[in-house]
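Here is the structure we will look at.
Below, all heavy atoms of this structure are taken into account, side chains as well, without hydrogens, waters or symmetry copies. In what follows, every chain begins at residue 1, and chains take the letters A, B, ... in the order their sequences are listed. Computed from a predicted model, the values in this text were never measured in an experiment.
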Number of protein chains: 2
Amino acid sequence: MVNICYSLRMSARTLLPVVDVGACRAPLTRDAMTQSQADDLARSLKAIADPARLRLLSIIAASEGQEACVCDLTEPLDIGQPTVSHHLKVLTDAGFLTRSKRGTWAYFTLIPGALASISRLVASP
Amino acid sequence: MVNICYSLRMSARTLLPVVDVGACRAPLTRDAMTQSQADDLARSLKAIADPARLRLLSIIAASEGQEACVCDLTEPLDIGQPTVSHHLKVLTDAGFLTRSKRGTWAYFTLIPGALASISRLVASP
DNA sequence: AGCAAATATTGACCATCGTCGATATTGACA
DNA sequence: TGTCAATATCGACGATGGTCAATATTTGCT
């Protein structure tokens with residue numbers, strides 16, 4: 001079971017494929033976690049555990065198609081444009097967002113199931 | 001709705017009553033979060049977003065009665081006793097654990113629903 | 001009272017993180 | 001080709017966080 005989890009992680013496209021980790025079915029409340037399981041989940045949670053990134057995620061999630069342009073994300077938060085870009089990169093590297101460029105604009109889209117996966121790992125429904 | 005949430009938080013016993021925050025029903029993926037909502041959720045997530053604390057939580061959660069003595073938590077993790085004590089305090093202050101002392105030993109118990117609350121805020125079921 | 005065991009607190013160190021200003025890159029368009 | 005707008009990257013700074021050694025506190029026991 002754990003081996004399956006790791007082989008899935010190896011072949012994944014993103015740095016931290018939270019969706020695949022979710023397939024491990026090792027919720028926080030079921031059994032004692034191993035060190036590497038705790039490391040992986042902590043890495044994903046750290047990516048979300050920031051007010052600016054949470055607001056970015058929620059704005060994108062509330063947008064139609066769960067997709068938003070960077071230009072629409074810079075003003076609502078009271079932080080500079082480089083900082084927004086940095087947070088979006090963190091969320092993308094963590095496997096919560098994908099980036100697609102159309103013209104000069106960059107659009108970030110929520111990866112379906114990524115948040116639900118983390119949610120399921122924290123507490124089984 | 002938001003006002004109810006804040007009045008609940010004011011009268012709560014713990015510093016960060018995640019259970020009450022969960023009662024706000026403002027999931028990450030439903031609407032754009034306000035700054036203070038993001039601050040609160042980030043604070044709770046930060047408390048969990050650490051490998052050592054995740055392992056502590058999972059050990060306690062897997063124990064009978066979802067309760068464990070500190071003496072049983074010091075050895076499985078490869079960290080010193082003061083560090084374990086520190087992490088347990090962080091989790092307790094964040095509203096995930098309660099502490100009860102029986103004799104010389106300190107027992108930490110999982111607060112029912114606290115993890116589920118956070119989980120629900122990250123992704124609505 | 002005095003000792004021993006379990007746990008908490010303190011103070012310090014190093015690493016990581018969030019933010020910013022400045023600059024680089026990318027792409028559209030005249 | 002040159003310019004402009006949108007976004008990303010870089011380097012730096014202050015703040016926060018995880019860990020430890022040393023010490024304090026609490027509690028049971030003799």
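- Side-chain N/O atoms of A:Arg53 include one lying less than 4.0 angstrom from OP1 or OP2 on C:dG18.
- Rounded to whole angstrom, the span from the NZ atom of B:Lys46 across to the C1' atom of D:dA15 amounts to 11 Å.
- Using a 4.5 Å heavy-atom cutoff, the side chains of A:Leu45 and A:Leu121 are not in contact.
- The closest side-chain heavy-atom distance from A:Leu97 to A:Thr109 is not below 4.5 Å.
- Nucleotide C:dT19 holds its P atom 12 Å from the CZ atom of A:Arg55, rounded to whole Å.
- The interatomic distance linking A:Ile79 (CD1) with D:dG14 (C1') rounds to 17 Å, in whole Å.
- Among all heavy-atom pairs drawn from A:Ile79 and A:Thr83, the shortest one is CD1-CG2, 4.0 Å.
- In this structure, B:Arg43 does not pair ionically with B:Asp39, as no charged nitrogen and carboxylate oxygen lie closer than 4.0 Å.
- Distance from the side chain of A:Arg99 is smallest for D:dA8 among the nucleotides D:dA8, D:dT19, C:dA8.
- Distance A:Leu88 CG to C:dG18 P: 13 Å, rounded to the nearest Å.
- Atom NE2 in B:His87 sits about 6 Å away from atom P in D:dG18, given to the nearest Å.
- Proximity of a side-chain donor or acceptor of B:Ser58 to a complementary backbone N or O of A:Met33 within less than 3.5 Å is detected.
- In this structure, B:His86 places its NE2 atom 21 Å from P of D:dT23, rounding to the nearest Å.
- Taking atom CG of B:Leu91 as the reference point, atom P of C:dA8 lies 12 Å away to the nearest angstrom.
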How does protein reach along nucleotides 24-30 of chain C, written 5' to 3' as B (base within reach of a heavy atom under 4.0 Å), S (only sugar-phosphate), or - (no contact)?
-> --SSS--
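- Among the protein residues, A:Phe108 comes within range of the sugar-phosphate backbone only, with heavy atoms under 4.0 Å from sugar or phosphate atoms but none that close to a base.
- A donor N or O paired with an acceptor N or O is not found under 3.5 Å between the base of C:dA6 and the side-chain atoms of B:Gln81.
- Each of B:Leu91, B:Leu77, B:Leu88 was checked for a side-chain contact (heavy atoms from CB on, under 4.5 Å) with B:Arg53, and the lone residue meeting it is B:Leu91.
- The phosphate of C:dC20 has OP1 or OP2 within less than 4.0 Å of a side-chain N or O from A:Thr83.
- Between the side chain of B:Ser119 and the backbone N or O of A:Ser119, at least one donor-acceptor pair lies under 3.5 Å.
- Closest to the B:Cys71 side chain, of the nucleotides D:dA21, C:dT7, C:dT19, is C:dT7.
- In this structure, CH2 of A:Trp105 is placed 12 Å from P of D:dA5, rounded to the nearest angstrom.
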